[in-house]
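Worth knowing before you read on, the calculation uses all heavy atoms, side chains too, and leaves out hydrogens, waters and symmetry mates.
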Amino acid sequence: MALSLAVSPCPNDTFVFHALIHGLVPGAPPVDLTFADVDVTNTAALDGAFDLVKVSYAALPWLLGDYELLPCGGALGRGCGPLVLTRDRADLNGATVAVPGDRTTAYLLFRLWAAEQRPARIEVVPFHEIMPGVAEGRFDAGLVIHEARFTYPRYGLSALVDLGEWWESDTGLPIPLGAILAKRGTVDPAAATGWIRESLRHGWRDPAASQDFVLANAQEMEPTVVKQHIELYVNEFTLELGEDGLAAADALLGRAAAAGLTPAVPSFR
């Protein structure tokens, strides 16, 4: 039986899962791959659509009944947070803000940070439309992630806030962005953890092996930007969440629940 896997086409996911997807991990089953942006997988996972799936940490309160958090493969780190981009605004009061999904970690962090501000409207739009939309004046501000950290100046935009810096200065913890979940009763979480870790180690041992696959699926095709993306988002937390990673997840979801933004969940530690 093939293992259904849903991840994003972003370079960090294609780098981490390249070996597993291509049958290079000994003992792992064949993989039936679906590429989807995280706002899509956050919703699809509600119906148990995949055996292994990349979702936002912000979506976990609605998913942990059917899925288990794996201690590897996801996106956590320091200096890698979402950005709020504008052309020239000093705040978001009365603004129309474009966001990539309403259950993304980026949007949850935005809501925590912007609690004292009053945007006029939030619009969920495809990620690739956000920076052009802000540059063209369709939106007053945009919430962006991933490659946009490296490319937003090309659109004449400035960062109103780096939500990762805000989070780290407030908590001292890494920022928990994307999580890998295993479907309960379908996937052995210990076995899946082993497959993903071996896939990651394969990528680190031979980075050139995944290069064509990564570049073919990246929204930003420039090799230098793709390399920066992987170096930033594939890190020690991708191999092992560890105490700091689990504490970060607890802090994010604990604050969200206390603010009434998400249901409460048990501690991961």
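- Classification of the Tyr107-Phe110 ring pair by plane angle, with boundaries at 30° and 60°, yields parallel.
- Ile122 and Val144 are not part of a single hydrophobic cluster, where members link through side-chain heavy atoms under 4.5 Å apart.
- Side chain of Trp167 to main chain of Pro174: a donor-acceptor pair is present (N/O by atom type, distance under 3.5 Å, no hydrogens or angles).
- A salt bridge links Glu198 with Arg205: the closest approach of a Lys/Arg side-chain nitrogen to an acidic carboxylate oxygen falls below 4.0 angstrom.
- A salt bridge links Asp170 to Arg255: one of the charged nitrogens lies within less than 4.0 Å of a carboxylate oxygen.
- Residues Ser4 and Asp51 bring a donor and an acceptor atom of their side chains to less than 3.5 Å of each other.
- Within the 3.5 Å criterion, the main-chain N or O of Val16 finds a donor-acceptor partner in the side chain of Ser199.
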Item to complete: Take Leu5 and Asp32, measure what side chain to side chain contact (heavy atoms under 4.5 Å, CB included) needs, and give me the verdict at the end.
Response: CA-CA 6 Å; Leu5 168 69; Asp32 179 10; over 6 Å; no
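- One N or O on the side chain of Thr105 and one on the backbone of Ala58 form a donor-acceptor pair closer than 3.5 Å.
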Discussion item. Applying side chain to side chain contact (heavy atoms under 4.5 Å, CB included) to Arg197 and Leu70, what does each step give before you reach the verdict?
Written reply: CA-CA 11 Å; Arg197 284 180 174 156; Leu70 296 186; over 6 Å; no
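- The pair Asp250-Arg269 meets the salt-bridge criterion, with a side-chain N (NZ, NE, NH1 or NH2) lying under 4.0 Å from an Asp/Glu carboxylate O.
- Under the 6.0 Å cut-off for aromatic ring centres, His22 and Phe213 qualify, their centroids lying closer than that.
- Of the charged side-chain nitrogens involved, at least one lies within less than 4.0 Å of a carboxylate oxygen, so that Glu222 and Arg154 count as a salt-bridged pair.
- Panel note: side chain Asp140, backbone Thr86; no donor-acceptor pair is recorded below 3.5 Å.
- The only member of Val55, Asn12, Asp13, Thr34 that meets side-chain contact (heavy atoms from CB on, under 4.5 Å) when paired with Val7 is Asp13.
- Thr14 and Asn217 are not linked by any side-chain donor-acceptor pair at a separation below 3.5 angstrom, with hydrogens and angles left out of the test.
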